[in-house]
Amino acid sequence: MSKTYKIGVMGGDGTGPEVLKEGLKVLDAVGKKYGLKYDLVNYDLGGERYKKTGETVPDSVIPELKKLDAIYLGAIGHPDVKPGILELGILLRIRFELDQYINLRPVKLYPNVATPVKDKGPAEIDFVVVRENTGGIYTGHGGATRVGTPDEIASQVMIYDRRTVDRCIKYAYELKAKRNQQNPKYAEKPIHLVHKRNVLTYCGDLWYRAFEEMGEKQYKNLKRDYAHVDATTMWFVKNPEWFDVIVTENLFGDIITDLGAMIQGGMGIAAGGNINPEGVSMFEPIGGSAPKYTGKNVINPLAAICAGGMMLETLGETKAGQAIEQAVFKALESGKIKSLAAGKMGLGTTEMGDLIASLI
Ligand code: IPM
Ligand code: MN
């Protein structure tokens, strides 16, 4: 019996549409094998539309998105649009409106992929960051007064409530329990809470107590540890093998996952999911719109392809999702891919999509 999923497709800006096309190619191949069909709903959102109409996400679109099974996003960001407009108006708006409170970002080094981290390989770089995705500094609390004068004051406040912290930590503990079952190597490692509680004494303390209390009461069998965010960046480079599941607040998660993307071989392979475990989730390559590579068939679609795999896994299509991951693994293992960097892959964007689809 085949199942049909209603997927919102948002190519967005720059290379977004190109990489999504390859991702859809692979989803199609996997769908044929596992009996999945997709009802694709296209959304023309992004910088071009904003320039023409002044609209980011029209209000009428939000209730439509809530009826989808998932959203597949290419990239948001346009060189001619002032920073903040599309990011806040599209990406953050959807994250907030759909309450996608988890940003799940695997950091996994595949075989034959070059990492800038000396003497570390796939055995050492294999963890996942659970980034809180609806709170903190991203809520935009703050303002500015006396703007343009020498006395200008600006504030932007990190805000968290216990419920928001608890639901994120809960997700992370559940994920940790699942990974420990999957692989004894993961079970040896603790789940880490990452924060800056030596300075952010209010928010850090809230996160720390929530993490400790839940760990003690409900997940006593899971090892847990705490790390400061600055030290974490150091350990990503020095001892990435210490990590398995990391849970952290929004901005810290944003920053450390860019570093995570680099140690796993770059933006060409880094995928992420904006997840509402009870609602509609959105999956994307985290690399951005790469305007200078647009339309040249040189951008790496692997991150978008992997994001498609995450989408299927989150929809409960575990086998199909893993088949995508395994196809990417096989392609890299084969040595046919020279590099993950745009223009240096040894094959074009569409050829990469063909290769992965053929390995499904
Ligand atoms: C990301 C991006 C976004 C963020 C920007 C584009 C708003 O950097 O998804 O990591 O900061 O969350
Ligand atoms: Mn980011």
Side-chain angles (χ1 to χ4, degrees), residues 8 10-17 19-20 23 45-50 56-57 70-108 127-142 156-160 164 168 194 229 232-233 236 246-276 280-291 294 299 303-304 306-308 310-311 314:
M10 295 177 188
D13 299 315
T15 51
V19 296
L20 269 205
L45 304 174
E48 288 305 324
R49 180 186 180 131
Y50 174 76
T56 46
V57 181
I71 300 168
Y72 198 25
L73 174 73
I76 297 295
H78 196 292
D80 305 341
V81 180
K82 195 175 145 214
I85 294 177
L86 302 173
E87 292 86 344
L88 264 61
I90 301 178
L91 197 57
L92 297 190
R93 172 118 195 258
I94 295 173
R95 285 178 184 171
F96 293 156
E97 295 263 14
L98 272 57
D99 204 18
Q100 293 162 339
Y101 61 86
I102 300 296
N103 197 323
L104 191 64
R105 298 189 163 183
V107 177
K108 181 170 175 157
F127 59 92
V128 47
V129 178
V130 176
R131 164 185 172 191
E132 200 290 319
N133 208 33
T134 54
I137 282 181
Y138 280 74
T139 50
H141 274 262
Q156 202 127 13
V157 187
M158 179 183 280
I159 290 188
Y160 271 107
T164 299
C168 178
V194 165
V229 64
T232 300
T233 61
F236 269 22
I246 292 173
V247 60
T248 191
E249 72 85 39
N250 206 342
L251 181 64
F252 293 156
D254 176 47
I255 296 168
I256 66 172
T257 53
D258 267 21
L259 179 56
M262 285 303 117
I263 68 171
Q264 71 177 127
M267 288 301 184
I269 186 99
N274 301 274
I275 295 175
N276 176 342
V280 183
S281 303
M282 174 167 71
F283 299 84
E284 52 172 338
I286 71 177
S289 60
T294 305
I299 194 80
C306 289
M310 288 179 77
M311 177 163 77
T314 309

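Only a predicted model underlies this, so the values are computations on that prediction, with no experimental measurement involved. Whatever order the structure lists ligands and atoms in, that order sets their numbers, starting from 1.
For residue Asp258, no N/O/S atom approaches the Mn ion (ligand 2) to within less than 2.8 Å.
No side-chain donor-acceptor contact under 3.5 Å links Asp13 to the backbone of Gly46. Not one N or O on the side chain of Arg131 forms a donor-acceptor pair closer than 3.5 Å with the backbone of Asn103. At distances below 3.5 Å, at least one donor-acceptor pair connects side-chain atoms of Thr257 with backbone N or O atoms of Gly253.
The protein non-hydrogen atom at the shortest distance from atom 7 (C) of ligand 1 is Glu87 CB, 3.7 Å. Annotation: atom 11 (O) of ligand 1 to nearest protein heavy atom, Tyr138 OH, 2.6 Å. For atom 3 (C) of ligand 1, the closest heavy atom belonging to the protein is Leu91 CD2, 3.9 Å. Among all protein heavy atoms, the one lying closest to atom 1 (C) of ligand 1 is Arg105 NH2, 3.3 Å.
His141 and Gln156 are not linked by any side-chain donor-acceptor pair at a separation below 3.5 angstrom, with hydrogens and angles left out of the test. Between the side chains of Glu284 and Asn274, at least one donor N or O lies within less than 3.5 Å of an accepting N or O.
Closest heavy-atom approach to atom 9 (O) of ligand 1 among the candidates Arg131, Arg95, Glu284: Arg95.
Because its NZ or CZ atom is not both nearer than 6.0 Å to the ring centre of Tyr138 and within 45° of the ring axis, Arg93 does not count as a cation-pi partner of that residue.
Among heteroatoms of the N, O or S kind in Asp254, OD1 lies nearest the Mn ion (ligand 2).
Between Asp254 and ligand 1 there is a heavy-atom distance shorter than 4.0 Å.
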